[in-house]
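Just the heavy atoms: all of them, side chains too, but no hydrogens, waters or symmetry mates, feed the values below. In each ligand, atom 1 is the first atom listed, and ligand 1 is the first ligand listed.
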Amino acid sequence: MRILLIGSTGMLGSDLLQECRSLEMIPATSRDADIRDAAQVRRLISAAAPDWIVLAAAYTDVDGAERDPERAFAVNRDGTRNVSVAAKEAGATLFYVSTDYVFEGASQRPYEPGDPVHPLNIYGASKASGEQAVQEFSGEWVIARASWLFGAARPSFPEKILRAAQTQPELRVVNDQIGSPTYTKDLARAILELIRRDARGVLHITNSGFCSWFNFAKEILRKAGSSTPISPISSAEAHRPAARPAYSVLSTAALAAYGINLRNWQDALDAYLDELRRQGKLP
Ligand SMILES: NC(=O)c1ccc[n+]([C@@H]2O[C@H](COP(=O)([O-])OP(=O)(O)OC[C@H]3O[C@@H](n4cnc5c(N)ncnc54)[C@H](OP(=O)(O)O)[C@@H]3O)[C@@H](O)[C@H]2O)c1
């Protein structure tokens, strides 16, 4: 089984590469192929001749996408279409990683994979267009939506909170957005297990449980032994360029049907903090 990993330098991509173990994985970066360039993508995929392609490359700057929608759509919609077309030509199954931000956040219960998408921001709209491209242009595919990723390969929310706690007298964190923080190592393992099981269709992969960003930050500080005061604020008070869903908890029932259940986000956070300690980023 040969897997071509597009986006191997990213936060999730780095963990996929580390966790692939017995599976043969060919890593590809934006230097090997800019996914916006159909010819580069076709060359990469036909040379690798993979059974599976994991597309972990994306334009992921949620606020940046509001300022530069053309770039977000060029990477997340057109780039995904290029990969989908080339995957079909090569007879490879495409595993597309998507996001909870395709949903608007008005639900009273966890979102099911088949619920209608209605993105609130440009990033979410560009990823929803990527999902459409996968369904329209690739042959065999999986679309896996994840949420609130944190991982040690790149600075993510917990690391930013810990840094801010060292430099600011008090932290103010949004308390009116609810979601499921997800450790990229756990996500990577689930993706590889789904590939081993030859999965298909749309499903959701998150750590279990949910919280607000404020509660997530409070738990990060508590577990790291920080005494920096923290207070809740509203999204309106945060003045971020991109609107975000108030509630984007994803149902993982379809994942559980494959016998895959991820630990709760608090235990995953412990494992992540241990990883930071091993890297010398945390005392
Ligand atoms: N971060 C989150 O909270 C979150 C939440 C839900 C879903 N997701 C989804 O999960 C996936 C992984 O996210 P992540 O946070 O791990 O991403 P990330 O750390 O921002 O990494 C993005 C990757 O995409 C590559 N890339 C960007 N533009 C490219 C282009 N034009 N051509 C080729 N490669 C390009 C980057 O390569 P270079 O470094 O070489 O540019 C990098 O390897 C994405 O599909 C994202 O939408 C993320």
| query | Short list, please: which atoms of ligand 1 are under 4.0 Å from a heavy atom of A146? | reply | 6 (C), 7 (C)
| Aromatic ring pairing Y111/Y247, orientation class (parallel under 30°, perpendicular over 60°, tilted between) | tilted
| Among T99, V97, I205, which residue places a heavy atom closest to atom 10 (O) of ligand 1? | V97
| For ligand 1, is there an atom lying under 4.0 Å from some heavy atom of Y123? | yes
| field | No-hydrogen, no-angle side-chain donor-acceptor test under 3.5 Å, Q168 and T228 | value | no
| Excluding sequence neighbours, so at least two apart, what forms ring-ring contact (aromatic ring centres under 6.0 Å, His included) with Y258? | none
| What atoms of ligand 1 come within less than 4.0 Å of a heavy atom belonging to A33? | 32 (N), 33 (C)
| said: Distance under 4.0 Å to a non-hydrogen atom of R36: what atoms of ligand 1 satisfy this? | reply: 31 (N)
| query | Would you find more than 12 non-hydrogen atoms of other residues, nucleotides or ligands less than 6.0 Å from F210 atom CZ? | reply | no
| For K127, atoms of ligand 1 separated by under 4.0 Å from a heavy atom | 44 (C), 45 (O), 46 (C), 47 (O)
| request: Output the list of atoms in ligand 1 that are nearer than 4.0 Å to some heavy atom of A57, sorted by atom number. | output: 23 (C), 24 (O), 25 (C), 26 (N), 34 (N), 35 (C)
| message | If you take the centroid of each ring, where Trp contributes its six-membered ring, are W265 and F216 closer together than 6.0 Å? | response | yes
| field | SB check E275 R278 (cutoff 4.0 Å) | value | no
| message | Counting only heavy atoms closer than 4.0 Å, does ligand 1 sit against the backbone of S98, its side chain, both, or neither? | response | backbone
| task | Any side chain to side chain donor-acceptor pair (under 3.5 Å) involving residues 150-161? Give me the pairs, sequence neighbours left out, ordered by first then second residue. | result | E159-R163
| request: Measure from atom 38 (P) of ligand 1 to every heavy atom in S30, G130, S14 and give the option owning the shortest one. | output: S30
| field | Minimum non-hydrogen distance to atom 44 (C) of ligand 1, winning option of A58, G13, G7 | value | A58
| query | What are the atoms of ligand 1, with element, lying closer than 4.0 Å to any heavy atom of G10? | reply | 19 (O), 21 (O), 42 (C), 43 (O)
| query | Do I53 and V85 share a hydrophobic cluster (ILVMFWY, side-chain heavy atoms under 4.5 Å, transitive)? | reply | no
| task | Check each atom of ligand 1 against the heavy atoms of D34 and keep those under 4.0 Å away; list them by number with element. | result | 30 (C), 31 (N), 32 (N)
